[in-house]
Each structure stands twice: as structure tokens, then as C-alpha cells.
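This report concerns only the one structure given below.
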Amino acid sequence: MNATFHVQNRIGDLLTSAANGATFERRNPADRDDVVSIAPESDGDDVAAAVVAARDALAAWRRTTPTVRADLLTKASRILADRAPSIAAEMVREEGKPTADATMEVSRTPKNLELYAGEAYRLTGTTFPSDDTPLVYSTRDPVGVVAVITPWNFPLNLASRKIGPALAAGNTVVFKPSPMTPLMGERLAAAFVDAGLPPGVLNVVHGTAAGAHLVADQGVDAVTFTGSNATGQKIHAAIGIGRRVQLELGGKNPIVVLADADLDAAAAVVARSSFSLSGQACTGAGRILVDRAIHDALVDKVVGLANAYVVGPGAKAGVTIGPLIDPAAVAAMERWVATAIADGARVVCGGAPATDDELARGSFFPPTVLVDVEPGTPLATEEVFGPVIGFERVDGLADAIESANAVRYGLSAAICTRDMSAAQRFASEIQAGMVRVNRPTVGAAFNAPFGGVKQSGTGTHKEQLGPTVMDFYTVSRTVWLGT
Ligand code: NAD
């Protein structure tokens, strides 16, 4: 049996339990008997202590030179890279994704930090011509204490996209990892601390209720959040005016396949977008809008690819689809399928939990394809966050765009076509923050802006790199310098 990791909060220079002594367990989603981590179930007192520690550390950290901050991020990046093999194995055990996917995430995270290290040197201002004084200029200062609240599906990568720029700009941080992945949160924080980050600059509180306490704490100046729409709505309502919030939320990401598309390539785009990470990616595709003329042929090809996925524990060689995050997610997939059938759809592959042999010990659900999905029904409009997708028939590009836009989300969208003018029209008319032509909806260039429109996020500050990334983590001040 594997060892259980005892994770603690990091508050100032202390590694601590929750003040009330409460803990929670995280079990391996591929094997419910394997307790991977036990972490503090923090309450308001723990959160308040972490925010005080972050405020206390702010004055000194914001005055550090760019080189001090850049060197620290670079060193943390190298520590993470050195530890990558063991962290990847732990990620497979705690979060569930297959080893190849965990390895990719663990290798991408240090690169994020390298890039953000450079941002410490690029916090430039502007000068403005003025009739009034010889010099008007703007500077960029840190926002203050930043709360970083993250989901479980990319426990290192997403958190690094927030902690990295926050620290590079001179902010201090209180980090609240997902209760599904406390060990991954600790591994990321430990890399910064082991790199020499001063106490209190990065604090970590674990638990379920801790997120709401953190958002409510008026010692927090800005909240950067990635997660579900339901939680995002609560945070948005709680933040009030005078504090900053960045929300990166869910999606109902469409793939449009036009009649002229290369069908084998389109089927591969659909399968990869829909079933990678067991469909547990915010950019995963859920709606496949196919021109009527090629609908049945494309469904056949996608079903062929779906049936070729190997469902199993992420640590097992050859597995291409790991478990869902927990038993509740499996129950949710069963409900999605039942509701879609009640709404008139038909299952053409998958449709029920995978429970053969060792799979009975975990939370497994196979790639599932439904056809004849009615526009406007829940499967056509709401995020599933699992490997259950629905096909809808459309008549050409205009119909596809109208149908694709008829949802409240706007994160990622793809089109498969050989017609580049159709692709360009799609790219300009689709309501999505990220558009792919003949490429899967999933994946990201880590040096290109990432984020959604409509209810997929606040959309005001995109993540990753690009000209706007540091805007969220800095406040601009305009100075009129008289003589
Ligand atoms: P979630 O909203 O349940 O939880 C996210 C985080 O918020 C967790 O740390 C959780 O403990 C915390 N939290 C819960 N209630 C809170 C509250 N009231 N106040 C503050 N914090 C609170 O989401 P999840 O299940 O962890 O992640 C899946 C969701 O994340 C999906 O909807 C997915 O689309 C979305 N996601 C979006 C992106 C993106 O970049 N747009 C990326 C990954 C995941």
C-alpha cells in the first residue's frame, strides 16, 4: 500500500494544522481504498491568520528588486523541474490523469514560472505629453494581497499561472488549492519556499469552506479564481466594489464540422477535444455541430475512435482515459445520459460506468456519444465536465454559428473545414475567447492569452502571457511631476 501524505497549511513561517484540528481525506480516484493525502479542513480563523501573514509580508516583498523576484521564480522553476518525475507520479495518484498527461502538466509548469520571472523586468510605465507639467507618467504597483483559488483538473499548471505573475509583480499571496488535490498544492508551494521565498509571501490554506472565507476577508485586495460557474457567481457577488476579481469559468465548447472537412482529421479533432483527460478540461468539447450531409459518416468515425480509448488507472501502461475525479462525477455522468435520453437523444457508444475487474475500485466512465440531441436541451447547453458528448445536425456555416452561439458560455470553439474563408468567418462571428481551425478545442500555447467571453469568465484580464497578463496583478498610478 502506498504511503498517505499529511499535508499542512503554510501560514507565515509555520506549517500548521487547522486551528480546530479538523482534516479531510483525498482518495485515489482509481482506487477508493488508497488514501493519498490528509489535509487541514481550515476555517475562518486559519484563513484570517494567512491573510494577516500575507499583509505583514507585503511591505518588504513589494520593495524587492526585479532581480530578486525573477531569481526566486527561476529557482522555484528549476526545483519543480528536478522534482517532476515524483510529482507526476503523485499527481496521477491524487488527481487521476494518465501518466503521459501528468508528465506534460508537470513539465509545463516550470516553463510558466520561467516566463513570469521575465515579467518582473517588464513592469514598465508610460510617459504622456502634457500642457501642464514637464512630465506626466504612469507606474505599475502591486495590487497587494492576492487570493489564488484553483480547481483540481490542472492543479499545478493553473495555480502557477496565477502565483507566478502575482509574485513577479510584488504581491503577496494566499493560495487555496482544490480539496481534491491538496498534495499538488503543497508540492507547488514547497518549490517556492525551498527556493528561498521569504515567510508570509506565499501562504497556503486547505479545505472546502476556506475559499469563501478567503473571498470574504477584506484584507484580500484581489481574487483570481478558476473553477465552476456556480462558484464564480458566488465569488463575483461577494467581492463588492473596491476589490479586484478575475474569473476563469466553465464552457460548453462547440466543434463545427462542415461538409467539406477531411472526415478522418475532423474525427480525430472531435475525439481528442472530447475525451482527453476524460473530458475534464474546461476547453473540452461537448457539442458537435455537424453538417447534415456528413453527420452519419462522422459519427461512425468518432465512435470508432471512442471505442479505441483504453479506460483504466492512470498509472497503468497503455491507459488513455483515467478515472473521473470522484464517485459523484460518475453519478453526474449517469444523470446526463438519462436526461439526454429523456430529451430524445440516443446513445451510440458508452453510456454507463466502466466497472470491469479493477475498474470497480474507482470512478470510471467510458467515452460516450449521443446523437439526435435537441438544441436547447441541457446536454446541448450546459457544461458536462466528463466524457459525454452530443451530436447535433446543422445546415451549413450560418446555421452552425447561430447554433453554437446559442449558449451562455464562450470559452473555446473549433471548426473543421478546408474552406479558409468559412474558417475566418467562423473565427470572427463565434462567441468564444479562443478559436481553433482544424485543431482541438483543448490545449493552450502557454505564451498566448487564455480566457473566455460571456459567462465563461470575467474576460477582463486574460491569463497566461501576452500584453494584458500583468494588468490584473498591478495597479496603475498616474503622476504629474511639477517643478
Ligand atoms: P469548483 O468551482 O467546485 O472549485 C474551484 C475552487 O473553488 C476550489 O478550490 C473550491 O474549494 C473553491 N470554492 C468552492 N466554493 C467556493 C466559494 N464559495 N468561494 C470561494 N472558493 C470556493 O470547481 P472544480 O470542480 O474544482 O473545477 C471544475 C470547474 O473548473 C469546471 O467548471 C471547469 O470548466 C472549470 N475550469 C475552468 C478553467 C478555465 O481556465 N476557464 C480551467 C480549468 C477548470
Side-chain angles (χ1 to χ4, degrees), residues 24 26 29 39-44 47 94-97 105 112 147-162 174-182 184-185 188 204-217 220 223-239 243 245-253 276-286 324-326 328-329 332 382-386 407-413 432-434 441-444 446 448-459 461-464 469:
F24 65 93
R26 170 62 187 161
E41 186 58 82
S42 311
D43 66 15
V47 169
E94 190 180 56
E95 195 261 355
K97 61 178 54 130
E105 178 173 354
N112 287 342
V148 169
I149 306 177
T150 48
W152 46 264
N153 67 331
F154 291 99
L156 286 186
N157 184 45
L158 292 178
S160 74
R161 272 157 49 170
K162 298 172 183 296
V174 180
F175 171 33
K176 214 298 286 171
S178 167
M180 303 292 184
T181 51
M184 289 299 99
L188 183 60
V204 188
V205 282
H206 295 278
T208 301
H213 287 298
L214 190 52
V215 173
D217 195 314
V220 167
V223 176
T224 173
F225 170 82
T226 299
S228 66
N229 281 65
T231 307
Q233 300 272 6
K234 288 183 198 160
I235 293 175
H236 198 260
I239 202 76
R243 299 194 297 156
V245 66
Q246 176 184 49
L247 305 175
E248 296 289 351
L249 307 176
K252 185 72 194 181
N253 307 300
S276 303
L277 303 167
S278 308
Q280 300 176 124
C282 56
T283 50
L324 298 187
I325 191 67
D326 64 3
E382 288 304 322
E383 183 180 50
V384 168
F385 220 59
V407 295
R408 64 187 176 122
Y409 301 99
L411 188 55
S412 184
M434 294 170 286
T441 53
V442 292
F446 66 104
F450 182 101
V453 299
K454 294 164 82 176
Q455 289 189 31
S456 288
T458 39
H461 304 278
K462 286 202 170 188
E463 287 207 316
Q464 302 272 70
V469 70

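Bear in mind that the values here come from a model prediction, so they are computed numbers and not experimental data. Whatever order the structure lists ligands and atoms in, that order sets their numbers, starting from 1.
Between the side chain of Glu105 and the main chain of Leu156, a donor-acceptor pair closer than 3.5 Å is present. A distance-only check finds no donor-acceptor pair linking the side chain of Glu383 to the backbone of Phe385 [under 3.5 Å]. At least one donor-acceptor pair under 3.5 Å links the side chain of Arg243 to the backbone N or O of Val220. With Lys176 contributing its side chain and Gly207 its backbone, the two residues share a donor-acceptor pair below 3.5 Å.
Atoms SG and CG, on Cys282 and Leu158 in that order, are 7.0 Å from each other to the nearest 0.5 Å. The NZ atom of Lys252 sits 8.5 Å away from the OH atom of Tyr409 when rounded to the nearest 0.5 Å.
Scanning all heavy atoms of the two residues, the minimum distance from Glu41 to Phe24 falls at OE1-CD2, 3.7 Å. Nearest approach of Thr283 to Gly443, heavy atoms of both residues: OG1-N, 4.1 Å. Closest approach of Asn229 and Arg408 over heavy atoms only: ND2-NH1, 4.3 Å.
Annotation for ligand 1: atoms under 4.0 Å from non-hydrogen atoms of Ser178 are 9 (O). Proximity to Pro179 (heavy-atom distance under 4.0 Å) selects the following atoms of ligand 1: 11 (O). Counting the atoms of ligand 1 from 1 in the order shown, those under 4.0 Å from a heavy atom of Leu158 are 42 (C), 43 (C). Of all the atoms in ligand 1, the ones that sit under 4.0 Å from a non-hydrogen atom of Pro177 are 9 (O). When each atom of ligand 1 is checked for a heavy atom of Trp152 under 4.0 Å away, the hits are 24 (P), 25 (O), 26 (O), 27 (O). Of all atoms in ligand 1, listed by their number and element, those nearer than 4.0 Å to a heavy atom of Lys176 are 8 (C), 9 (O), 10 (C), 11 (O). Each of the following atoms of ligand 1 lies closer than 4.0 Å to a heavy atom of Ile235: 19 (N), 20 (C). Set against the non-hydrogen atoms of Gly211, the atoms of ligand 1 under 4.0 Å away are 19 (N), 20 (C), 21 (N).
Checked by atom type, the side-chain pair Ser160/Asn112 shows a donor-acceptor distance below 3.5 Å. Side-chain atoms of Thr226 and Lys162 form a donor-acceptor pair, as typed in the model, at a separation below 3.5 Å.
Heavy-atom distances between Ala230 and ligand 1 stay at or above 4.0 Å for every pair. Proximity of Phe154 to ligand 1 is not established, as no heavy-atom distance is less than 4.0 Å.
Using a 4.0 Å cut-off between heavy atoms, Met180 makes no contact with ligand 1 at all.
Between Phe450 and ligand 1, no pair of N/O atoms sits closer than 3.5 Å. Not a single N or O atom of Lys234, backbone or side chain, sits closer than 3.5 Å to an N or O atom of ligand 1. The distance criterion of under 3.5 Å between nitrogen or oxygen atoms is met by Thr150 with respect to ligand 1. Inclusion of Thr231 in the set of residues having an N or O under 3.5 Å from an N or O of ligand 1 is warranted. Considering backbone and side-chain N/O atoms, Asn153 never comes within less than 3.5 Å of an N/O atom of ligand 1.
Proximity annotation for atom 5 (C) of ligand 1: of Phe225, Phe175, Tyr409, Phe225 comes nearest, heavy atoms only.
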